[in-house]
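Below is one structure, written out as structure tokens; comments come after it.
Only this structure's heavy atoms are used, side chains among them; waters, hydrogens and symmetry mates stay out.
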Amino acid sequence: MDNILGLLRIRVKRGVNLAVRDVRSSDPYVVVKMGKQKLKTRVIKKDVNPEWNEDLTLSVTDPDLPVKMTVYDHDTFTKDDKMGDAEFDVSMYIEALRKNVNDLPSGTIISKAVPCRSNCLAEESNVMWSDGKVIQDICLRLRNVECGELEVQLQWIDLPGSKGLS
């Protein structure tokens with residue numbers, strides 16, 4: 001517990017225009033990895049635009065580790081098919097958390113990231129102060145696949161007794 005900075009809650013909101021891997025659709029789920037941690041969402045049957053709205057929580061020890069997300073198509077009798085992957089840095093989000101933002105009005109943008117060749121962002125992503133929390137909405141373009149995007153939201157949870165961000 002000494003080296004844990006806190007918890008990162010990743011809300012896996014939805015997939016958009018995911019690849020078809022079965023006859024006419026797919027049964028997608030998402031695997032989230034950070035370092036040695038690995039979590040996954042539930043499978044949503046026959047849907048290339050699934051809505052998970054599922055919270056997955058990772059403990060953060062190194063803010064420089066990227067978060068990798070891989071979408072799979074669940075198959076009953078064969079190995080699950082890969083439907084693309086994406087990764088993102090949490091360092092900008094962590095830096096925003098370290099700023100004193102408690103006096104800002106709700107909806108204030110603290111920092112922003114723009115899509116470029118070195119990231120998987122499908123659109124500009126803002127870190128913002130909203131209802132007493134620092135959040136970041138991210139839309140990721142999936143790699144190694146013909147189409148698909150993932151929408152996620154980051155939120156921080158301070159852990160009593162942890163190292164913290166200061």
Applying side chain to side chain donor-acceptor pair (under 3.5 Å), name anything that partners [X], two or more places apart in sequence or on another chain.
| X | answer |
| --- | --- |
| Glu149 | none |
| Arg21 | Glu146 |
| Trp129 | none |
| Glu95 | Arg98 |

Suppose we screen for salt bridge (charged side-chain N to carboxylate O under 4.0 Å, His left out). Which residues come up paired with Lys38, at least two apart in sequence or across chains?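 For Lys38, no residue satisfies salt bridge (charged side-chain N to carboxylate O under 4.0 Å, His left out) once neighbours in sequence are set aside.
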Could you measure the distance from the [atom1] atom of [X] to the [atom2] atom of [Y]? Nearest 0.5 Å is fine.
| X | Y | atom1 | atom2 | value |
| --- | --- | --- | --- | --- |
| Leu97 | Leu5 | CG | CG | 10.5 Å |
| Arg141 | Leu150 | CZ | CG | 12.0 Å |
| Ser130 | Leu104 | OG | CG | 12.0 Å |
| Leu121 | Cys139 | CG | SG | 8.5 Å |
| Leu56 | Gln37 | CG | CD | 11.0 Å |
| Asn49 | Arg14 | CG | CZ | 7.5 Å |

Using every non-hydrogen atom in the two residues, find where [X] and [Y] come nearest and quote the distance to one decimal.
| X | Y | result |
| --- | --- | --- |
| Met92 | Val127 | CE-CG2, 3.5 Å |
| Ser111 | Ala96 | OG-CB, 4.2 Å |
| Pro50 | Pro28 | CG-CG, 3.6 Å |
| Asp22 | His74 | OD2-O, 4.5 Å |

Tell me the salt bridge (charged side-chain N to carboxylate O under 4.0 Å, His left out) pairs involving [range], sequence neighbours left out?
| range | result |
| --- | --- |
| residues 25-34 | none |
| residues 116-140 | Lys13-Asp137, Lys112-Glu124 |
| residues 74-83 | Lys82-Asp85 |

Same cluster for [X] and [Y] if Ile/Leu/Val/Met/Phe/Trp/Tyr side chains link at under 4.5 Å?
| X | Y | answer |
| --- | --- | --- |
| Leu8 | Val134 | yes |
| Val12 | Val16 | no |
| Val20 | Met83 | yes |
| Met128 | Leu154 | no |
| Val145 | Val152 | yes |

Does the side chain of [Y] come within less than 4.5 Å of [X]'s, by heavy atoms?
| X | Y | answer |
| --- | --- | --- |
| Glu87 | Arg143 | yes |
| Ile10 | Gln155 | no |
| Asn102 | Asn100 | yes |

Can you give the donor-acceptor pairs under 3.5 Å from side chains of residues 61-72 to other protein atoms, not counting sequence neighbours?
from: Asp62; atom 1: OD1; to: Asp64; atom 2: N; distance (Å): 2.9

Listed once per pair and sorted, the ring-ring contact (aromatic ring centres under 6.0 Å, His included) pairs that draw on residues 76-107, sequence neighbours left out: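 Checked against ring-ring contact (aromatic ring centres under 6.0 Å, His included) - neighbours excluded - no pair reaches residues 76-107.
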May I have the step-by-step check of side chain to side chain contact (heavy atoms under 4.5 Å, CB included) for Val60 and Trp156, ending in yes or no? CA-CA 10 Å; Val60 178; Trp156 188 257; 3.7 Å; yes
Please check: side-chain N/O of [X] versus main-chain N/O of [Y], any donor-acceptor pairing under 3.5 Å?
| X | Y | value |
| --- | --- | --- |
| Ser25 | Asp47 | yes |
| Thr41 | Val30 | yes |
| Ser125 | Val114 | no |

Can you list everything that forms a side-chain contact (heavy atoms from CB on, under 4.5 Å) with Arg42? Sequence neighbours excluded, please.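 Only Ile44, Trp52, Glu54 meet the side-chain contact (heavy atoms from CB on, under 4.5 Å) criterion with Arg42.
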Leu7: what forms a side-chain contact (heavy atoms from CB on, under 4.5 Å) with it, not counting sequence neighbours?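 Result, side-chain contact (heavy atoms from CB on, under 4.5 Å) vs Leu7: Thr57, Ser59, Ile157, Leu159.
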Check the pair Val31, Leu39 against side chain to side chain contact (heavy atoms under 4.5 Å, CB included), reporting the backbone distance first and the verdict last. CA-CA 6 Å; Val31 173; Leu39 301 167; over 6 Å; no
